Enquirer: 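I have a structure here, written as structure tokens, and I will follow up with some questions on it.
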Amino acid sequence: TATTATTSNSRSVSNGWIPINLALISSGAPIAQWPVDPSYGIGAATAGNTNAGHFYSYIPGSNNSYKIAAKMESVIYSNGGSGDLESTDGGVDPYMYEQGTNMSL
């Protein structure tokens, strides 16, 4: 259970919103910057917040475990869509796409 939440707009691979320093990889960072969701939105779905619930999250666990989760914006990849990734990824939330080393977070 999360007890605190923080947000960051930093896309740096050495100290960005995901606190994993990709710059330390001996062959170099595999990506130039962390992605950010162009339709970012938090809160209840209202007339003024059409992007509610669209975000990426990083969930740290013990022993360097982690999970990254995202709400799919496409109905194709959302729960019940023809290419459903949310309910078939092995994570605990059937309405979020989850990947990482500890899918039970």
Side-chain angles (χ1 to χ4, degrees):
T1 302
T3 57
T4 61
T6 60
T7 61
S8 171
N9 293 325
S10 174
R11 298 178 71 184
S12 169
V13 294
S14 61
N15 63 351
W17 71 272
I18 294 181
I20 298 173
N21 189 344
L22 296 181
L24 296 177
I25 297 173
S26 62
S27 60
I31 57 175
Q33 57 189 4
W34 290 111
V36 293
D37 190 339
S39 298
Y40 172 76
I42 294 177
T46 63
N49 188 8
T50 58
N51 296 320
H54 293 157
F55 60 91
Y56 300 135
S57 63
Y58 168 82
I59 303 108
S62 60
N63 300 318
N64 294 319
S65 66
Y66 69 93
K67 180 171 74 174
I68 297 173
K71 174 67 182 132
M72 302 304 284
E73 294 177 33
S74 168
V75 295
I76 294 169
Y77 300 113
S78 295
N79 185 311
S82 62
D84 183 349
L85 294 174
E86 293 178 338
S87 68
T88 61
D89 59 16
V92 296
D93 187 337
Y95 296 97
M96 295 289 288
Y97 178 57
E98 304 159 282
Q99 291 297 308
T101 61
N102 184 347
M103 297 296 278
S104 66
L105 291 170

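The shown structure was predicted, so the numbers you read here are calculated from the model rather than taken from an experiment. Any value given below was found using the heavy atoms of this structure, including those in side chains, with hydrogens, waters and symmetry copies removed.
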Enquirer: Do any pairs count as a salt bridge (charged side-chain N to carboxylate O under 4.0 Å, His left out) and have a residue in residues 93-105, sequence neighbours left out, and if so which ones?
Expert: K67-E98
Enquirer: Which atom pairs, one a donor and one an acceptor, fall under 3.5 Å between side chains of residues 22-33 and the rest of the protein, sequence neighbours left out?
Expert:
none

Enquirer: Which heavy atom of Y97 sits nearest to which heavy atom of M72, and what is that distance?
Expert: CB-SD, 3.7 Å
Enquirer: Can you list every pair that meets salt bridge (charged side-chain N to carboxylate O under 4.0 Å, His left out) and has a residue in residues 17-31, with sequence neighbours left out?
Expert: none
Enquirer: Can you name the residues that form a side chain to side chain donor-acceptor pair (under 3.5 Å) with N102, not counting sequence neighbours?
Expert: S104
Enquirer: Test of understanding: with side-chain contact (heavy atoms from CB on, under 4.5 Å), list the residues that count as partners of I18, not counting sequence neighbours.
Expert: I20, W34, Y58, I68
Enquirer: State which residues pass side chain to side chain donor-acceptor pair (under 3.5 Å) with T101; sequence neighbours excluded, sorted by chain then number.
Expert: none
Enquirer: Please tell me whether L85 and V92 are part of a single hydrophobic cluster in this structure, the criterion being side-chain heavy atoms less than 4.5 Å apart.
Expert: no
Enquirer: Do any pairs count as a side-chain hydrogen bond (donor to acceptor under 3.5 Å, both in side chains) and have a residue in residues 75-84, sequence neighbours left out, and if so which ones?
Expert: D84-S87
Enquirer: Quick one: list whatever passes side chain to side chain donor-acceptor pair (under 3.5 Å) with S65, sequence neighbours left out.
Expert: none
Enquirer: Hydrophobic cluster mates of L105, side-chain heavy atoms under 4.5 angstrom, ILVMFWY only, any path?
Expert: I59
